[in-house]
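Take this structure, written in structure tokens, and hold onto it; I'll ask about it next.
Read the numbers this way: they start at 1 and go in the same order the structure lists the ligands and their atoms.
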Amino acid sequence: MVHPGKSLSSHQSLNDNHGRAITYLRLAITDRCNLRCRYCMPDQGAKFVPYKEILRYEEMVRLVRIFAGLGINKLRITGGEPFARRDCVPFMQKIIGIDGVTGLFVTTNGIVTASHLDDLKKMGISGVNLSLDTLDPQYFKSLTRHDLLDNVLATMHGCLEREIPLKINTVVLEETTDENILSIAGLAKQYPLIVRFIEKMPFSGGNGFKNGGTEKLRQRLAGLFDLNEVHSVLPTTARIFELPGFFGKIGIIEGHSRKFCPTCNKLRITPLGVLKTCLYDNGVLDLKAMLHSNTDDAVISKAIIDSVGKRYVNGLEAEELCTRRDEPSMASIGG
Ligand code: SAM
């Protein structure tokens, strides 16, 4: 959503130590989820953060103001499942109006999202990313451990009916069949949406998926489709392709291959209020501790600038230098 009336003059620009402009913040507002996707979380015993330890909405509003003042203009609300946290929509209504914010997006699994779509449309949401790995109800149930494919489809159709810009995120696992890829891609043939196929990454919450990530996705898709790459405006996470006879487009997110690090413009805040400057780092700044010790906005801004000034050059370097005790779940980071 663009707020043409807003002045950007008071906002700085935030650059990292490798010359990349940082304009995008992903806020994971909870680590809880109403699905248990096998590649993301264990069925039982997922370690969730106690509710009292996650950032309050007022704290996140304050942080968004600070980040917007530094030059962040694009926000994404994610989780866990963002709509599994109470009052997610009123929170989004608050932050969409913050000076400097020109785009508010949400990433969701679509399980309870359909009932919020009128509110999202009304507030001027910039886009919805909907996670959907298969159109086969049995496989959906086996992947997510819930028999709720119809809920996700209702969210998809609800977005299309309301003309909310829609992207479908599909994680491609070792076990994912070509038929599955072709049927999900068929959504882009039929509807004006972008289906993005995602490499699986090693963020599975210690659920037994110990074989790291999947790569070579591009070669796999090139074997299935006549890919014609669309010139994308940088920075971009996905490479987007047009296909003959398709209403929408398909794309590839080569996160595990670290293909988009050279133009990465993203920061992340975890539900515990920790700043991450790379998906593969262990967190670089405890924002919650600063908020809880009555630190001034100016001091917090300075600490953010300092952290961004020490960013890893790419996800390979971050992974190499940050030893992890346990494999985290993507739900604790937000994707
Ligand atoms: N609950 C929301 C959803 O499902 O979209 C937002 C959070 S979810 C963690 C964000 C994205 O991360 C989803 O598209 C999900 O498929 C993806 N994801 C989770 N685990 C992953 C993994 N190990 N590798 C790649 N993507 C993963």
| field | Options Ala331, Gly80, Gly334, ranked by nearest heavy atom to atom 1 (N) of ligand 1, top entry | value |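 Looking at heavy atoms only, the winner is Gly80.
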
| said: Can you report which non-hydrogen protein atom sits closest to atom 22 (C) of ligand 1, along with the distance? | reply: Met201 O, 3.6 Å

| field | Heavy-atom donor-acceptor pair, Ser332 side chain to Pro328 backbone, under 3.5 Å | value | no

| Which ligand 1 atoms does Cys40 reach within 4.0 Å, using its non-hydrogen atoms? |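 Ligand 1 atoms under the 4.0 Å threshold to Cys40: 19 (C), 20 (N).
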
| Could you state the interatomic distance from NZ (Lys74) to CZ (Phe105), rounded to the nearest 0.5 Å? |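 Rounded to the nearest 0.5 Å, the NZ-CZ separation comes out at 5.0 Å.
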
| query | Within the structure, does Thr78 bring an N/O atom to less than 3.5 angstrom of an N/O atom in ligand 1? | reply | no

| field | Option among Thr23, Thr237, Thr277 that satisfies the side-chain hydrogen bond (donor to acceptor under 3.5 Å, both in side chains) test with Lys266 | value |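 That would be Thr237.
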
| request: Flag the pair His146 / Phe140 as yes when their ring centroid distance falls below 6.0 Å, and as no otherwise. | output: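 When the ring centroids of His146 and Phe140 are compared, they turn out to be at least 6.0 Å apart.
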
| said: With a cutoff of 4.0 Å, is Met41 in contact with ligand 1, counting heavy atoms of the residue only? | reply: no

| query | Can you tell me which residue and heavy atom of the protein come closest to atom 20 (N) of ligand 1, and the distance to 0.1 Å? | reply | Met330 CB, 3.3 Å

| Option nearest atom 16 (O) of ligand 1 (shortest heavy-atom distance, choices Phe203, Phe83, Tyr39) |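 It is Tyr39 whose heavy atom sits nearest to atom 16 (O) of ligand 1.
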
| said: I need the contact type for Ile333 against ligand 1. Using non-hydrogen atoms and a strict under-4.0 Å cut-off, is it side chain, backbone, both or neither? | reply: neither

| Under a heavy-atom criterion of less than 4.0 Å, does Ala84 contact ligand 1? | no

| message | Taking Asn17's backbone N and O only, do any of them form a donor-acceptor pair with Arg20's side chain (distance below 3.5 Å, no angle check)? | response |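 No, the answer is negative, given that no donor and acceptor are paired below the 3.5 Å cut-off.
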
| field | Sidechain-backbone polar pair: His256 side chain, Pro202 backbone, donor-acceptor under 3.5 Å | value | no

| Of the protein's non-hydrogen atoms, which lies at the shortest distance from atom 26 (N) of ligand 1, and what is that distance? | Val171 CG2, 3.6 Å

| query | Counting only N and O atoms by type, is there a donor-acceptor contact under 3.5 Å from the side chain of Asn265 to the main-chain atoms of Tyr24? | reply | no

| Taking only heavy atoms of Lys200, which atoms of ligand 1 are found under 4.0 Å from at least one of them? |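 This gives 24 (N), 25 (C) as the contact atoms.
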
| query | Do the side chain of Thr170 and the main chain of Leu132 share a donor and acceptor less than 3.5 angstrom apart? | reply | yes

| Any idea which protein heavy atom is nearest atom 8 (S) of ligand 1, and the distance to it? |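 Sorting protein heavy atoms by distance from atom 8 (S) of ligand 1 puts Gly79 O, 4.4 Å first.
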
| Counting each atom of ligand 1 from 1 as listed, which ones have a heavy atom of Glu199 under 4.0 Å away? |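 That gives atoms 25 (C) of ligand 1.
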
| said: Please compare Ser329, Cys33, Pro202, Ser131 and report which has the shortest non-hydrogen distance to atom 4 (O) of ligand 1. | reply: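 Among Ser329, Cys33, Pro202, Ser131, the closest heavy atom to atom 4 (O) of ligand 1 belongs to Ser131.
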
| Do the rings of Phe225 and Phe246 sit parallel, tilted or perpendicular, given the 30° and 60° boundaries? |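 Perpendicular.
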
| message | As an exercise, identify every atom of ligand 1 less than 4.0 angstrom from a heavy atom of Thr108. | response |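 Listed by number with element, the hits are 2 (C), 3 (C), 4 (O), 5 (O).
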
| Does the distance from a Lys or Arg side-chain N to an Asp or Glu carboxylate O, for Glu59 and Lys288, drop under 4.0 Å? | no

| task | Establish, yes or no, whether a centroid distance under 6.0 Å links the rings of Tyr57 and Phe91. | result |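 Yes.
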
| Taking only heavy atoms of Glu81, which atoms of ligand 1 are found under 4.0 Å from at least one of them? |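 In order of number, 1 (N), 2 (C).
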
| Can you list the ligand 1 atoms lying under 4.0 Å from a non-hydrogen atom of Thr107? | 2 (C), 5 (O), 6 (C)

